[in-house]
Every structure is written in C-alpha cells, then in structure tokens.
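Following: one structure in structure tokens, then a few remarks.
Computed over heavy atoms, backbone and side chain alike; hydrogens, waters and symmetry mates excluded. Numbering starts at 1 and runs along the sequence shown.
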Amino acid sequence: MSESAIPKASGLPLLGVALRFGPHWARATRERLGDVFSFELPGGNGGVMVTHPDDVRLALAESRGVVRAEFPPHMRGVLTPITGDGLIGRTGTAWAERRGLMQPSFRRQRLAELVPLMLGAIDQQLESLEARFIRDGRPFDALPEMHALTLSILIRSLFGTRLDAQDLRRAGEAVDLTMKAVTFAPLELGKQRLAWRAARAFEEVSLRIVRERRELPPEARPRDLLTDLLEMRDAQGGGLDDSSIRFELSGLFIGGKETSAVSLSWLLALLPRRPDITHRLVEEMERVIGDREPRAEDLPELRYLEAVLQENLRANPPVWLLFPRKAAEDTVLGGHRVRRGTTVWVSPFATHHHEVFWERPDEFLPERFVQEGGEKGSRHPYAWLPFGAGPRVCIGARFALMEMQLFVVRLLQRYRLEAADIRPVEPKVVFNTRFPRRVPLRLVPRNRRGGGNPE
C-alpha cells in the first residue's frame with residue numbers, strides 16, 4: 001500500500017481543536033477525513049487518532065512500533081501520590097510482572113466468591129432508594145445513586161463487610177476525593193494539591209485496614225480482594241508490602257468506580273424508553289432465576305442481559321478516549337506514515353460507531369451480541385473496546401460486567417422503571433468520560449401500578 005499524508009483536522013491557532021474535542025467530534029472527523037487523522041491540542045498534546053480496528057490493534061497490542069506512552073509531567077504530578085508504583089502507572093516488564101501477579105484474583109471462578117458481597121451492597125442501595133424515594137413515588141436522579149452503588153460494591157469487595165460505620169464513611173470520602181483528583185482534566189488549577197489531599201486521606205484509612213488484616217491468621221481473613229493482595233506471591237515467593245497494596249487499592253477504585261456507574265446510568269435512561277428490551281429482560285430473569293437470589297452460576301444463562309449490557313457499552317462507552325500510546329519507531333497506520341515519537345490516540349466511541357463494523361450504529365440493537373446471531377462470531381476483536389483491548393485490557397472488566405448483571409437482576413425482580421422526564425437524556429463530557437447529565441427516574445414496585453405524571 002502506498003503511504004500518503006495524514007489528513008489533518010482543522011483547528012484554531014494555539015488552541016487547535018480544544019473547543020470541539022470530544023466523542024462526537026472524533027466520530028464526525030473520522031467520517032469526514034477517514035480512519036486516521038491528525039489534530040492539535042494546546043501544549044503539544046495532539047497527535048494522530050486511529051479508528052479502524054486494524055489500526056486500533058496495532059496501537060493497543062504493545063508491539064515494537066507503538067507502545068503505551070509515559071504519563072506527561074502534569075499527569076504524573078496528579079497520579080503519582082495516589083497510585084505510586086501500582087499497576088495503573090507501570091509499563092513494560094514491571095507492568096507485566098504486576099499484572100501476572102494480580103490476574104488470578106479477577107478470573108471468573110474467583111469473582112464468583114464475591115457475589116454475596118456484591119448482592120449485599122446492591123440490596124442495601126435498593127433499600128435506601130425505597131426509603132428515600134420509592135415509597136412516596138418520588139423521582140430521583142439515577143447518576144449519583146449509581147455512583148454510590150458502585151462505590152459500595154467496591155468497598156465491600158475490597159475490604160469485606162467488617163468495616164465499622166466510621167471506616168466506611170472515611171473510605172468513601174477518600175475515594176470521592178481521589179476521583180475528583182483524577183477524573184477531571186489534569187490541567188485544572190490546584191489539581192496536584194488535591195491529589196496530595198486525596199492520597200493522604202486514602203493512606204490514612206487504607207494502611208490501617210491493611211495492617212489490621214495482616215495481623216489476622218490466614219484462616220481468619222475474609223475472602224475479599226484485600227486478602228488476595230496480602231497473599232499474592234511471585235515466582236520467587238515475594239509479595240506486596242503495605243504501601244504497594246495501598247497503591248493497588250487506589251488504582252482499583254479509580255478503574256472500577258466510574259465505568260460501571262456511568263454505564264448503569266445510561267442503561268437506566270434507556271430501559272423506560274424501550275419496553276421491548278425490558279420485557280425480554282424480565283422474561284429471561286423469571287425463567288432463569290425467578291424471585292430467588294441470583295447466584296454466580298446463573299449469570300452465563302442470562303444471555304440477553306449480557307447482550308444488552310454489551311450493546312450499552314458499545315453505544316455509550318463511559319471512557320470515550322483511551323490513554324495515549326506513543327510511536328516508538330516510524331510505523332504505518334492505515335496506509336499513513338506515522339513518525340517516531342508521535343502520540344497515538346484511540347477513541348472507543350468513534351470505533352463503536354464505525355458503520356463498516358457496526359450496521360446501523362445509532363440504533364440500540366442487543367441482538368448484535370446474542371450468541372446465536374452471526375455478527376458476534378464475525379466481529380473484529382478490536383471493534384468493541386469499552387475496557388480497552390490487547391494486553392492492557394482493564395483487569396476489572398469481568399468484575400464490572402458481573403456487578404452490572406447482578407444489579408439489573410435485583411432491580412427488575414422488584415421494580416418497574418418509569419422515565420420521570422420525557423425530554424431526551426443529554427450527554428456531558430468531562431476530559432475522557434462521557435456520562436448522562438441527569439437521569440430522572442421513578443421506580444414502581446412490581447406488585448403495584450405506577451402513579452404520578454412525568455415531571
């Protein structure tokens with residue numbers, strides 16, 4: 001293939017495309033310029049964006065040509081106090097060694113043991129919604145409630161159920177502070193100061209919990225993820241010290257809280273407007289589970305629910321832009337010569353709406369992912385990447401899908417969903433996250449008819 005010049009997105013002097021930079025800009029620019037295009041951002045933070053799955057594979061496969069970029073100085077200043085030497089900031093051999101050490105804790109069989117902990121958090125959140133809104137038929141915004149839910153699931157899965165109310169509150173506050181430090185644009189004023197505050201808050205609560213857990217004999221330790229971190233051993237028999245465990249806990253909260261909360265919020269915005277999908281979900285749930293508590297072995301049988309969650313992640317990937325890669329040498333992407341040192345960006349949103357790989361990409365079609373359909377087997381493996389792809393695919397992807405499955409089951413066992421506002425739910429973009437501005441929702445117990453008019 002002959003190499004050609006890379007098309008460039010038009011922008012403003014000094015600002016480049018900053019005023020338009022976002023998921024819909026990435027998609028529209030791909031449709032206008034093609035699968036590979038360059039752009040500029042302030043501070044030299046532009047580069048080349050690739051959207052075709054073949055080029056995404058090259059960008060994410062950790063090949064010699066394209067490797068994961070180091071955090072730029074302003075991001076290192078934010079992340080280093082919080083994640084330290086943890087997995088989230090490692091590259092190369094150091095990353096591979098730590099990933100290999102942690103991977104067994106996120107395999108399906110191990111995660112199945114966390115189902116009771118997840119269900120405890122889910123039931124507690126639903127009971128809280130019942131007391132605050134549902135009994136009186138009042139609507140609520142689902143987005144903050146889903147953030148509270150995923151935080152509770154993470155705290156229980158990581159620390160178990162033995163934390164007292166004060167520790168639960170402190171852990172929640174520390175995580176919220178951490179998310180404020182890392183979620184928003186890293187150039188925001190005061191970001192590094194906030195990062196150090198978050199690091200101190202999380203260190204205060206997590207290190208004490210880690211040390212108390214380490215003092216327990218192995219047989220007395222609860223079977224949560226913190227115990228796994230304490231008991232991990234590499235080939236030489238070495239484990240993680242308390243500081244390394246604290247940094248890994250921070251990374252798991254950062255990676256695990258936002259994606260599931262945002263994805264569930266998008267789903268709760270959709271279901272009241274798609275009774276056909278909701279009806280099939282309820283039918284499947286009643287056939288597989290009925291009104292009993294779901295178990296880990298039920299989840300593979302909920303094929304339509306899994307398809308709905310996968311299509312939701314395709315249509316509305318919470319992370320619209322992955323952390324950039326760097327061309328380690330001159331390479332070719334999409335028939336274009338990409339020079340050594342060029343920053344290479346991947347946008348799941350743009351790739352998820354690529355009409356060559358997704359027929360009718362603007363329609364919500366769970367059938368794309370149903371096993372019996374033909375598309376799943378023929379789909380390009382790098383066309384769907386809500387959790388990234390390649391060697392650095394999110395370690396918690398299976399955890400996230402499991403908690404979302406369990407929540408939807410428990411929700412639909414008890415309630416019918418009604419939109420509390422007839423207006424469309426609008427997206428909001430903050431740095432690399434795309435989430436619904438507000439999800440006005442009303443839950444009606446399944447044993448009584450709905451009431452109240454949409455507000």
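Side chain of Ser263 to backbone of Thr259: no donor-acceptor contact under 3.5 angstrom is found. Judged by distance alone, the side chain of Arg442 and the main-chain N or O of Gly137 form a donor-acceptor pair under 3.5 Å. Between the side chain of Ser347 and the main chain of Ala350, a donor-acceptor pair closer than 3.5 Å is present. In terms of modelled atom types and a separation under 3.5 Å, the side chain of Asn312 and the main chain of Leu264 share no donor-acceptor contact. Of the possible donor and acceptor atoms, one in the side chain of Ser265 sits under 3.5 Å from a partner among the backbone N and O of Ala261. Of the possible polar contacts, one joining the Arg368 side chain to the Glu359 backbone as a donor-acceptor pair under 3.5 Å is found. Within the 3.5 Å criterion, the main-chain N or O of Val408 finds no donor-acceptor partner in the side chain of Gln413. A donor-acceptor distance shorter than 3.5 angstrom exists from the side chain of Ser206 to the backbone of Phe202, with no hydrogens or angles considered. Distance alone, capped at 3.5 Å, is enough to place a donor-acceptor pair between the Ser250 side chain and the Arg246 backbone. With hydrogens and angles ignored, the 3.5 Å screen pairs a side-chain donor or acceptor of Glu311 with a backbone N or O of Leu365.
Considering only heavy atoms from C-beta on, Thr278 stays 4.5 Å or farther from Leu417 through its side chain. The side-chain heavy atoms of Phe106 and Leu252, taken from C-beta on, include a pair separated by under 4.5 Å. In this structure, Arg414 and Asp123 have side chains that are in contact, with non-hydrogen atoms separated by less than 4.5 Å. Annotation: side chain of Ile122 is not in contact with side chain of Glu403 (no heavy-atom distance under 4.5 Å). Residues Phe435 and Pro318 are not in side-chain contact: their nearest non-hydrogen atoms beyond the backbone lie 4.5 Å or more apart. Two residues are said to be in side-chain contact when any heavy atoms from C-beta on lie closer than 4.5 Å; Met232 and Met102 meet this criterion. Side-chain atoms of Ser260 and Phe399, non-hydrogen and from C-beta on, never get closer than 4.5 Å to each other. With a 4.5 Å cut-off on side-chain heavy atoms, Pro139 and Leu441 do not count as touching.
Partners of Gln166 according to the side chain to side chain contact (heavy atoms under 4.5 Å, CB included) rule, which considers only residues two or more places apart in sequence or in another chain, are Asp164, Arg169, Arg170. For Glu286, the side chain to side chain contact (heavy atoms under 4.5 Å, CB included) partners at least two apart in sequence or on another chain are Val282, Arg446. In this view, Phe37 and Trp25 satisfy the ring-ring contact (aromatic ring centres under 6.0 Å, His included) rule, not counting sequence neighbours. Under the side chain to side chain contact (heavy atoms under 4.5 Å, CB included) criterion, Arg287 pairs with Glu284, not counting sequence neighbours. Scanning for salt bridge (Lys or Arg N to Asp or Glu O under 4.0 Å) contacts around Asp291 gives an empty result, with sequence neighbours left out. Applying the ring-ring contact (aromatic ring centres under 6.0 Å, His included) rule to Trp266 yields no partners; only residues at least two apart in sequence or on another chain are considered. Taking the ring-ring contact (aromatic ring centres under 6.0 Å, His included) definition, one finds that Phe407 meets it with nothing, sequence neighbours left out. Looking at residues two or more places apart in sequence or on another chain, you find a side chain to side chain contact (heavy atoms under 4.5 Å, CB included) between Arg280 and Tyr304, Glu367.
Sorted by first and then second residue, the ring-ring contact (aromatic ring centres under 6.0 Å, His included) pairs with a member in residues 108-159 read Phe133-Phe140; sequence neighbours excluded. Listed by first and then second residue, the salt bridge (Lys or Arg N to Asp or Glu O under 4.0 Å) pairs that reach into residues 430-441 come to none, sequence neighbours excluded. For the salt bridge (Lys or Arg N to Asp or Glu O under 4.0 Å) condition, the pairs that include at least one residue of residues 140-150, sequence neighbours left out, are Arg132-Glu145.
For the side-chain contact (heavy atoms from CB on, under 4.5 Å) test with Leu158, the passing option among Thr227, Leu225, Ile153 is Leu225; the others fail.
At a threshold of 4.0 Å, the pair Arg221-Asp228 does not count as salt-bridged, since none of the basic side-chain nitrogens sits closer than that to a carboxylate oxygen. Salt bridge present: Arg98 and Glu248 bring a charged side-chain N and a carboxylate O closer than 4.0 Å. Using a cut-off of 4.0 Å between Lys/Arg side-chain N and Asp/Glu carboxylate O, Glu355 and Arg27 are scored as not salt-bridged.
To the nearest 0.5 Å, the span separating CZ on Arg360 from CG on Asp362 amounts to 11.5 Å. Within the model, atoms CD of Glu203 and CD1 of Ile82 stand 12.0 Å from one another, a figure rounded to the nearest 0.5 Å. One distance of note links CG of Leu268 with CG of Leu143; it measures 10.0 Å at 0.5 Å rounding. One distance of note links CZ of Arg392 with CG of Leu322; it measures 11.5 Å at 0.5 Å rounding. For the atom pair OG1 (Thr150) and CE (Met118), the distance works out to 11.5 Å, reported to the nearest 0.5 Å. From Ile395, atom CD1 reaches atom CD1 of Ile88 across 11.5 Å, with rounding to the nearest 0.5 Å.
Other residues, nucleotides and ligands place more than 12 heavy atoms under 6.0 Å from the CD atom of Glu297. Other residues, nucleotides and ligands contribute over 12 non-hydrogen atoms within 6.0 Å of the CZ atom of Arg138.
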Validation: residues 47-54 side-chain donor-acceptor distances under 3.5 Å, sequence neighbours left out:
| residue | atom | partner | partner atom | Å |
| --- | --- | --- | --- | --- |
| Thr51 | OG1 | Asp35 | O | 3.0 |
| His52 | ND1 | Asp54 | N | 3.0 |
| Asp54 | OD1 | His380 | NE2 | 2.7 |

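The cationic group of Arg325 does not satisfy the cation-pi geometry with Trp345, failing either the under 6.0 Å distance to the six-membered ring centre or the 45° limit from the ring axis.
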